[in-house]
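Side chains are part of it too, since the values below use all heavy atoms of this structure and drop only hydrogens, waters and symmetry mates. Residue numbers begin at 1 in each chain, while the letters A, B, ... track the order of the sequences. Remember, predicted model here, so these are calculated numbers, not experimental data.
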Amino acid sequence: MYQYDAYDHKILEQRTAEFRDQVTRRINGKLSEEEFRPLRLMNGVYLQLHAYMIRVAIPYGTFNSGQLRKFAHIARKYDRGYGHFTTRQNIQYNWPKLIDIPDILDELASVEMHAIQTSGNCIRNITTDQFAGVAKDEVADPRPYAEIIRQWSTFHPEFAYLPRKFKIAITGAKHDRAAIKFHDIGLEVLRNETGELGFKVIVGGGLGRTPVIGSVIKEYLPEKHLLSYLEAILRIYNLSGRRDNKYKARVKILVKESGIESFRVKVEKEWRQIMEEGHTDLPAAAQKLIFNHFKPPSYEHNVLPALDFERFYKYQAEFKRWIDSNLHDHKVENYAAVTISLKPIGGIPGDISSEQMEDLADLADIYSLGEIRSTHEQNLVFPYVHKNDLPALWLELKSIDLATPNHGLVSDIIACPGMDYCSLANARSIPIAQEISNKFSDPKLAAQIGELKIKISGCINACAHHHVGHIGVLGVDKKGTESYQLLLGGNADENAAIGKITGPGFNGDQIVGAIETVIRTYQEIKEGNERFIDTYQRVGMEPFKDALYD
Amino acid sequence: MTELKIIENLPTEGVYLENTLEPGSLDSEILNAKAIILDFPTFMDGRAFSQARQLRRLGFKGELIASGDIRADQGRQYGQVGISTLHFKEGFDRQTLQNNLKMYSQSYQHSFLSEKVIYKKRLQDNQPHFSGGGPF
Amino acid sequence: MTKAANINNALRVIAANNLSDGVVVYFTGTKWSKNLQFALVSADEAELLSAAQNSVSGENIIGLEPVTVEIQGKTITPTAMREKIRALGPTINFSGSDNRTGTYSNVSI
Ligand code: SF4
């Protein structure tokens with residue numbers, strides 16, 4: 001993975017000093033709240049329902065055991081002993097004190113981490129496939145490109161006050177695990193007919209109040225022009241994006257209102273000028289320096305086959321379930337990527353305690369070359385596990401309650417913090433997720449139901465991507481009480497689809513029952529091995545509607 | 001151009017540029033102006049950052065003035081995109097501005113301030129790209 | 001019209017956050033308390049808010065906002081769920097390490 005050099009360190013050092021100075025000036029009254037608020041937001045510090053919240057960037061979801069230990073330490077020393085992994089592959093803390101945040105940033109900087117651009121109307125953390133670099137179906141590792149974009153977008157002076165926030169996602173595989181069609185810019189690494197690497201560029205996707213599937217703006221962008229093309233899109237957006245209405249300020253609205261054709265013409269014109277100017281795209285040699293950080297490991301991780309994988313798989317039902325759901329194909333023979341579910345039955349999606357983080361860091365050192373990934377589904381991944389190690393790893397994970405065999409199943413629910421923490425929420429999300437998880441705690445039942453993605457957002461901001469859940473739940477405010485809309489048929493991958501609302505909403509004690517009805521209906525009408533989403537696509541909304549509202 | 005000039009009154013010969021102008025529709029006449037005034041109606045409105053970049057690219061050599069709701073904590077940012085002069089509508093803290101301009105010595109992007117551009121420095125260093133930073 | 005009249009008569013307290021640590025505090029009439037039960041309750045929102053604003057020095061209390069409450073017996077309770085949660089904390093409990101129920105004992109090899 002990427003390692004900072006002296007320049008990266010210097011930037012971070014200067015930034016933490018700058019923020020410390022800003023906090024000091026605020027506390028001693030030299031800065032007003034009106035002046036300070038945007039400065040803290042620029043640095044991922046929100047004021048939430050109960051306290052401040054700080055969001056730490058995990059660039060493209062890749063981190064190492066030392067960084068995870070630091071997350072644990074910060075949670076224990078400055079927070080309440082836990083952290084929360086978000087749908088943007090970041091980690092956030094719910095209870096820090098403002099006066100401690102400069103120290104937290106120093107701690108983070110010591111392990112090459114920060115909270116830069118995790119909020120505000122700027123280019124946010126770049127997200128990618130959690131299996132980047134190890135996925136079997138990958139054309140190329142997207143992480144070096146994500147790192148190139150990270151550096152270019154860090155403190156980009158021109159793009160710090162965009163009309164609205166700006167999210168970029170990149171995938172290196174045809175099967176899209178990064179939801180690139182639902183980002184402001186989505187990039188797919190691919191090869192052209194002559195085998196050269198480049199990108200398909202998608203623009204103007206997004207969720208929130210107006211969910212939109214992104215449009216292709218460029219079928220093939222040569223690899224070396226990545227940054228100039230991004231800069232062209234950002235510049236046109238910065239100049240022409242709407243600033244009169246917060247809800248119409250994302251690039252998706254600009255693309256929609258001007259039409260993709262005319263937007264493309266403007267972008268391409270600007271792009272040519274940027275290329276002529278010639279100081280945006282990285283020279284090949286500079287690009288290579290970044291690529292050097294992402295060379296595959298040696299994979300000479302010889303282990304004694306002390307515990308027999310086949311034997312475990314055959315005789316230990318729980319292990320088998322875990323393997324069947326949480327294991328992913330790896331590029332390299334005899335290796336696997338393993339999902340570590342942060343969705344224990346009845347637990348809080350994405351939450352993890354300091355102790356678990358520390359234990360997991362030790363396990364990562366033993367079993368995963370010290371590397372960990374965070375996923376947009378609020379889980380973690382060990383990307384380099386040798387097959388022989390799987391039984392041992394499973395036993396260890398089980399002992400710290402992190403071996404829930406539910407990846408991609410009914411209880412692997414994405415839920416935003418909702419009204420329990422978030423000041424923008426209309427309704428709670430976490431208790432709904434917990435109730436569903438408890439109702440479907442029987443692993444055999446979960447296996448029968450098969451792949452099912454439930455996503456619960458506490459308000460229209462859609463942090464939990466409810467529009468693209470196979471089953472989506474949206475919290476709405478009904479005269480001061482919590483109410484929930486139910487959506488069906490959304491999909492975040494390459495077959496992108498936006499879910500449809502079933503009909504009138506449900507109150508807090510009806511919504512879980514409604515979801516049970518939907519699942520039961522699916523089980524009654526499914527044909528063969530159909531997944532929920534396949535059945536929905538075959539039969540549409542009607543049977544579900546009938547069952548829900550008869 | 002590390003120092004930014006601070007003015008109290010806008011020069012009479014300055015040409016005022018709307019920040020709502022369509023990109024690419026600049027009248028090339030404007031490039032002959034002695035000074036161009038860019039508008040920041042609120043500091044959150046960043047359009048003029050892009051206008052500055054474009055004007056410098058077109059070869060504008062004169063004074064580029066940021067005017068309106070501009071903030072000392074962003075001093076460096078104005079300079080980085082090619083703005084040469086600041087016209088504060090409200091009072092501001094000179095020390096904060098000076099600190100902000102001095103705070104960073106390098107940038108990941110092309111900059112109009114005399115800063116090191118990191119990727120160029122890396123190439124000049126012409127040596128392995130590891131500084132051994134961090135604990136790993 | 002009855003509805004509008006109700007809203008005007010509703011009882012309010014003023015909630016805010018403490019600048020340095022973000023903790024939720026309520027205006028007591030002279031000071032700020034973490035405990036909602038010490039809050040000053042009034043039907044005159046404008047007056048309450050301006051008294052609260054005047055009590056803040058150097059902006060060390062931020063995000064002042066009126067919250068609608070009811071008084072049952074001697075207990076002040078916010079009417080909206082959001083404000084209930086804000087006063088009492090999250091309705092879920094992160095049990096962290098208590099959560100660690102897994103053991104080796106139920107694994108048979
Ligand atoms: S979806 Fe709404 S309630 Fe949930 S975290 Fe986002 S803003 Fe908060």
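- When the heavy atoms of residues 73-91 of chain C are compared with those of chain A, the residues falling under 4.5 Å are C:Ala80, C:Met81, C:Arg82, C:Ile85, C:Arg86, C:Gly89, C:Pro90, C:Thr91, listed by number.
- Both the backbone and the side chain of A:Ser423 come within contact range of chain C, with heavy atoms under 4.5 Å apart.
- When all heavy atoms of A:Tyr52 and C:Ile62 are compared, the closest pair comes out as OH-CD1, 3.7 Å.
- Each of A:Leu402, A:Leu47, A:Val23 has some count of heavy-atom pairs under 4.5 Å with chain C, and the biggest count is that of A:Leu47.
- The part of A:Pro96 that comes within reach of chain C is its backbone (N, CA, C, O), which places non-hydrogen atoms under 4.5 angstrom from that chain.
- Enclosure of atom CZ in A:Arg37 is not indicated, since only 12 or fewer non-hydrogen atoms of other residues, nucleotides or ligands lie within 6.0 angstrom.
- Contacts between A:Gln48 and chain C at a heavy-atom distance below 4.5 Å involve the backbone alone (N, CA, C, O).
- Counting heavy-atom neighbours within 6.0 Å of C:Phe38 CZ, excluding the residue itself, gives a total of 12 or less.
- Shown here is C:Glu47, whose CD atom has no more than 12 heavy atoms of other residues, nucleotides or ligands within 6.0 Å.
- The side-chain contact (heavy atoms from CB on, under 4.5 Å) search around A:Ala427 returns A:Glu482, A:Tyr484, not counting sequence neighbours.
- If you measure heavy-atom distances from A:Arg26 to chain C, the contacts under 4.5 Å come from both the backbone and the side chain.
- Minimum heavy-atom separation, C:Ile92 to A:Gln434: CG2-OE1, 3.1 Å.
- The interface of residues 19-34 of chain C with chain A, defined by heavy-atom distances below 4.5 Å, comprises C:Leu19, C:Ser20, C:Asp21, C:Gly22, C:Val23, C:Val24.
- The interface of residues 27-35 of chain A with chain C, defined by heavy-atom distances below 4.5 Å, comprises A:Ile27, A:Ser32, A:Glu33.
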